[in-house]
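Heads up, the thing below is written out as structure tokens.
Residue numbers run from 1 in the order of the sequence given. Reckoned from all heavy atoms, side chains included, excluding hydrogens, waters and symmetry mates.
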Amino acid sequence: MSLSSRSPRLVTSSSPKLSGHRLSSSNLNTPSASASREPSLSRRQSAFDLGLPVATNTNSQNQNSSSSETIGRGFTLLKNSIRMSTKRGNRYVLGAALVLSIFGFWHISQTSHEVGSTSPQAGGGSAWNGLGLWPSGAQWGTGSTHSGNVDSSSFVNLDSGSIPETEFVRGVAGFSYLKNLYLANGTFLAITSDPSHIPEVSHIMSAHPTDDNKYPPAGTDRWKVLELGKDDLSALGGVAVRKDGVSMFFNDEKGLKSVSFLKHYFHFIGEVFLGAWRVLTTAGEMELPRRLMYRTSPDDWRDRAALTPWFQQSVMPNTAIEESPIWEDRAKSGMTFIFDKITITDRWAAHQKGIDPWRFNKMTADLLYLDSPFNWMDPLRLSMKRLVQTKGTCSVYRKNKNVPIVLYINRQLTGRRLIAEDAEVLEREMENLDKEGVIEWVNAQMETLSRVDQFCLALKADVIMGVHGNGLSHALWMKPGSAVLEFMFPGGFARDYATVAELMRHDYYAIHNDTVFTKDKWLKEDGWGVGAIHGFHSTSIPLNGKWIASLIRKIAQDKKGMVEP
């Protein structure tokens, strides 16, 4: 079977039919559905001074030389050249001087029209700009998409009688993707001729948490639906500033007695970000976000290990991170903004209005109802892969193309770990399989490795295994169709990494000592999911290493032909 046709394998005997309330909108898915080098200002003039102007980009005063000064310099150049041309050999100097004088005049006159334009991309050939030989106003070639240039498309006339309508594109409760969504005074505005196509606010966004830790639906201070031809739009000021590209807005925030959960890396990468990306890709969008927008304060989303900011700054280097002060600045600006493409993520909308999140207390549970392309994670994996390969200390490929790589995320230095003797047996059995040539065994204590090397191991792994914990979030970076083995205290279960594995179409195995805890056992009779029990977070989680070795032997045979492209 080819890789592209594989389905995720969840070891199961039967899966009970899940029920729940569907979302009201027809679009909501349900189970059926280089900076330039500037010339020095202290450049010395030689005795052979033709009076040529030296072009710089250092300040607008130099760039804004008057035309009279320029003409005067030209005549000075001509006079000096003629004086030197009494000898026949100097006639060549005269010719060259005339050409250079004309070039200098053209250079200054062009540059003076572009005061304030300092971006190399604003004109042609940035190398020429850096040498001071090309006027910044000459438009040659194509500028960068992220140059910051502004044109007429950057603004929208709201009084024209024909404005872009808001469109709800795709989503499930807590994860919404919209086009042409407006923002004014801190309130999101869905402007449409058919309000029935916009889901209820309770499925999209929550209000600020109450003092008793409740999360009611957002009020009109956060969300409004305006009907074209009926509602008055004059308060919007007649013009909107366009925010192009993909934006991701995270509505989660801390309250008086609550936190947003974003301070934990997994809750960002494996929940709010992953969900927003999933919704985008199911609608055919594969463009990395132009900006990430947080309502909450900076101290509430930066995780202790600093993995979240590392990911944002390293894997998405061209993505702007907009924290709460920028959000507040927009609200106070008095301007209206229009977001071309935007996702809104809200944890509590997912929990309160979703179909399955309540069962396992996981906001991402309903994402499984959205069909995405098999390669939906490719843009992010490719960026990660380029970063890793640029460093070059770790290869993302197998040593032997026929031998799968098994990555063991070793948690024996942490507070949740295997019984010491069981961990020793597991490592010995895996080393034996490695010597046989069945697998390439990698025993990694991630906290001892650099960030780049950690993610390199994830990219190259065919199988990841380890005790329940943050390290298993690396399953996101494995190629689709890999395998995940999660070791848990017998009798307990948490669906965090199971959902990640399912979304990535990996084979997932929840391991209780020497047994696979199959999906048909994840739900209790009352419909609630099995959760953590006493011992689940302990230092004495049992595991039969010999039994794991036999399972790995079978999995390795199945993954032999799955090679990183």
Side-chain angles (χ1 to χ4, degrees), residues 22-33 153 156 162-184 187-206 217-218 222-228 240 242-252 271-293 295 319 336-347 349-350 353-355 357 363-380 503:
R22 303 300 197 267
L23 303 185
S24 59
S25 170
S26 59
N27 285 337
L28 286 170
N29 281 68
T30 66
S32 61
S153 67
V156 175
S162 177
I163 69 173
E165 291 194 37
T166 302
E167 175 189 358
F168 178 79
V169 183
R170 198 75 189 264
V172 294
F175 298 94
S176 305
Y177 171 35
L178 304 100
K179 291 184 178 180
N180 299 323
L181 184 66
Y182 296 79
L183 177 70
T187 302
F188 280 114
L189 305 169
I191 303 178
T192 176
S193 57
D194 190 355
S196 66
H197 288 174
I198 306 297
E200 292 293 328
V201 63
S202 58
H203 294 90
I204 297 176
M205 186 182 295
S206 300
R222 294 193 172 194
W223 180 265
K224 287 182 183 178
V225 178
L226 300 179
E227 186 174 352
L228 284 173
R242 184 184 298 281
K243 293 297 179 180
D244 62 354
V246 172
S247 305
M248 290 183 177
F249 175 70
F250 308 118
N251 194 53
D252 294 7
E271 292 184 337
V272 297
F273 178 82
L274 182 69
W277 181 251
R278 175 77 170 196
V279 169
L280 283 168
T281 57
T282 60
E285 297 289 346
M286 300 289 276
E287 173 190 354
L288 293 182
R290 190 71 56 85
R291 60 192 65 83
L292 303 184
M293 304 160 59
R295 187 188 290 277
T319 299
T336 296
F337 301 86
I338 177 174
F339 294 87
D340 285 349
K341 306 171 184 178
I342 186 170
T343 61
I344 297 178
T345 303
D346 190 289
R347 179 178 304 277
K353 295 297 181 178
I355 299 167
M363 68 178 296
T364 53
D366 286 356
L367 293 174
L368 294 166
Y369 296 138
L370 295 174
D371 293 326
S372 66
F374 187 79
N375 64 338
W376 70 286
M377 282 293 289
D378 276 9
L380 291 162
L503 291 170

With ring pair (Phe, Tyr, Trp, His ring centres under 6.0 Å) as the test, would you mind laying out the steps for F249 and F339 before giving the verdict? CA-CA 11 Å; F249 175 70; F339 294 87; 8.6 Å; no
Is there a side chain to side chain contact (heavy atoms under 4.5 Å, CB included) between V246 and L288 once you walk through the steps? CA-CA 7 Å; V246 172; L288 293 182; over 6 Å; no
Among D346, D252, N251, which residue meets the side-chain hydrogen bond (donor to acceptor under 3.5 Å, both in side chains) test with R295? N251
Passing candidate, side-chain hydrogen bond (donor to acceptor under 3.5 Å, both in side chains) with R290, options D340, D244, T319: D244
For side chain to side chain contact (heavy atoms under 4.5 Å, CB included), just list the numbers for S193 and E165, CA-CA rounded to whole Å, side-chain angles, deciding distance to a tenth of an Å, and then say yes or no. CA-CA 7 Å; S193 57; E165 291 194 37; 2.9 Å; yes
For Y182, enumerate each residue passing the ring-ring contact (aromatic ring centres under 6.0 Å, His included) test, keeping only those at least two apart in sequence or located in another chain. none
To the nearest 0.5 Å, atom CG of L274 lies from atom CG of L503 at 5.5 Å
Which is it for I338 and N180 under the side chain to side chain contact (heavy atoms under 4.5 Å, CB included) test, yes or no, and what are the steps along the way? CA-CA 6 Å; I338 177 174; N180 299 323; 3.9 Å; yes
Heavy-atom donor-acceptor pair, [X] side chain to [Y] backbone, under 3.5 Å:
X    : Y    : answer
W223 : A190 : no
R222 : M205 : no
R278 : T364 : no
R242 : S153 : yes

With side chain to side chain contact (heavy atoms under 4.5 Å, CB included) as the test, would you mind laying out the steps for E287 and L280 before giving the verdict? CA-CA 9 Å; E287 173 190 354; L280 283 168; over 6 Å; no
Do the side chains of I342 and F188 get nearer than 4.5 Å, heavy atoms only? yes
Minimum heavy-atom distance between A349 and S202, given as atom pair plus value: CB-O, 3.5 Å
Taking all non-hydrogen atoms of both residues into account, name the closest pair between M286 and T281 and its distance. SD-CG2, 3.6 Å
Within the 3.5 Å criterion, strictly below it, is a donor on D194 or S196 matched to an acceptor on the partner's side chain? yes
